There are 2 protein chains.
Amino acid sequence: MNSPNLNPIKQLIDKIALHDPISSEDRVSLYELPYSSRQFEAGTYLLRDGEIKNDCAILVSGIAYRHKVSAEGLRQIVSICIPGEVINLQQLYLDEADNNVQALTECQISFISHVELRRLVTQRPSIARAFFATTLVELSMSREWMLSIGRRDARARVAHLLCEIALRLNNNGVPDGISYELPMTQDQLGDALGLTAVHINRTFKGLVRDGLIARSRYSITIPSWERLVQAAGFNSRYLNLKG
Amino acid sequence: MNSPNLNPIKQLIDKIALHDPISSEDRVSLYELPYSSRQFEAGTYLLRDGEIKNDCAILVSGIAYRHKVSAEGLRQIVSICIPGEVINLQQLYLDEADNNVQALTECQISFISHVELRRLVTQRPSIARAFFATTLVELSMSREWMLSIGRRDARARVAHLLCEIALRLNNNGVPDGISYELPMTQDQLGDALGLTAVHINRTFKGLVRDGLIARSRYSITIPSWERLVQAAGFNSRYLNLKG
DNA sequence: CGGAATGTTGAACCGTTTCAAACGGAGTGG
DNA sequence: CCACTCCGTTTGAAACGGTTCAACATTCCG
């Protein structure tokens, strides 16, 4: 999981190629980018609201979450970051970050100079295009997230989040009986779904009672993908996965 | 408002230049793009969920809203589109639309061939960059919207929406006493904010009672920007407006 | 003028929150 | 290896913000 020799560029390429093809020529030029890596322990801020331009940060291993806090101090988690994603793409062109990214587990981050990346993206339109496509998918995911928070009840919201993460971790499809680690406290889940930790707890219990999921510690098991999808009203189209 | 001689390319340029500068050279090449225009009446779908690649559609005049509907048939409005925006940027690189855009007022739409635009964007990195920046701002807006829906109460949600639109319509700042048209029914406002039409009504009444806004028909007046911002917990940073 | 769509209001209801207390499990120090 | 502590989970009861339903008022538009 935290194997130190994960190649960040490969992660990045795999990720962006998921939504837009990248020629082998472009791959090579991406491979030429210099980078440096660093480990961050769970809980660390990987990006802070208000932060000014910085190097481009790729999440190589681990899971993180992006959040904002309201004037009243309430937190809303707006997305989950998984390996291969650029955490601060926004800062590639906009000045100031307006959100935070925090490590959920230990995270390996690799840094590429923004200047370098901007240069590459300028010289190679198809790489620019791939990053653009990735960003469009992120936008699409955030719209679905809005639909969840605004219009689904607690049960469907939780189920939907579980579906989304399961599929993002297994792009080719989620087989029945699969399990995965979702290292989020119920407090964090609440902040992600616009609910209370207490209500997350009750909702989880309901899902377990009805056999839609099984749980132990941070591990989620999905006995029947079909049934969970049904309960969530989940339609994977918005993830724009190929195939 | 619906003046037929609005130049769509100028609108487009003004819009993307709002977040990223565009050189005069690039402006010229944008001006060379061929386009055709058409009027759509209020209520028309400008983009449909499931629609396959199409020409790039610029909203030249009028207001529209983007929405998704859940498996249970509930609608969530995820953004308000104002003039100068490309409605279906997503389709520039992704295949299938996963959301709908519907005209709120009569709308003038101009079409540019996606092929042309892709070609231009390939040849002129700084234009690509400007579109990228615009998309990043859209992403940023959607994150703020999530924060609203997930964590603000009804009053702050409504106030926040009113602030956002006021500022997007007046990029240089909102003077006290300003009014603007928000041609949305309370049903639509409810769907935008994850509330019921009924509750929108009561919340509006509350804001009026407390002198935070005045209303008549679809016209909103803001006596004190300061106070409305306060009630909304509004911080304009996420809009990434220059200056 | 008439009908449809939108806005307004009240009362009952309900999904979720709040508060508070107890529980469990992992890590720490004695 | 136990006791202690901390943090997150679990549970119950009461409260609340927002919903639902239903009736009525208003505005719009043909």
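Naming: A, B, ... by sequence-line order, numbering from 1 per chain. Any value given below was found using the heavy atoms of this structure, including those in side chains, with hydrogens, waters and symmetry copies removed. Just so it is clear, the structure is predicted and the values come from calculations on it, not from any experiment.
Dense packing is recorded around CD of B:E96, with more than 12 heavy atoms of other residues, nucleotides or ligands lying under 6.0 Å away.
Under 3.5 Å, the side chains of B:N100 and B:R48 contain no donor-acceptor pair of N or O atoms.
When heavy atoms are screened at a 4.0 angstrom cut-off, A:G194 is found touching the sugar-phosphate backbone but no base atom. Across all strands shown, B:A154 has heavy atoms under 4.0 Å from sugar-phosphate atoms exclusively, and none from any base. Heavy atoms of B:Y218 sit under 4.0 angstrom from primed sugar atoms or phosphate atoms, though from no base atom.
In this structure, B:R209 places its CZ atom 11 Å from P of C:dT9, rounding to the nearest Å.
Direction change of the helix axis from one end of the helix from C:dC1-D:dG30 to C:dG30-D:dC1 to the other is 40°, with five pairs defining each end axis (rounded to 10°).
OP1 or OP2 of D:dT10 sits under 4.0 Å from a side-chain N or O of A:N201. Contact between the side-chain N/O atoms of B:R215 and the OP1/OP2 oxygens of C:dT8 is found at a separation under 4.0 Å. Contact between the side-chain N/O atoms of B:K205 and the OP1/OP2 oxygens of C:dT9 is found at a separation under 4.0 Å.
With the nearest nucleotide of DNA chain D identified for both A:T185 and A:R202, A:T185 has the one nearer the 5' end. A residue-by-residue look at A:R157 and A:R217 shows that A:R157 has its nearest nucleotide of DNA chain C further toward the 5' end.
Legend: salt bridge (charged side-chain N to carboxylate O under 4.0 Å, His left out) pairs involving residues 198-216 of chain A, not counting sequence neighbours, sorted by first then second residue: A:R155-A:D210. Sorted by first and then second residue, the ring-ring contact (aromatic ring centres under 6.0 Å, His included) pairs involving residues 169-214 of chain A (not counting sequence neighbours) form an empty list.
The side chain of A:L195 sits closest to C:dT16 out of C:dC19, C:dG7, C:dT16.
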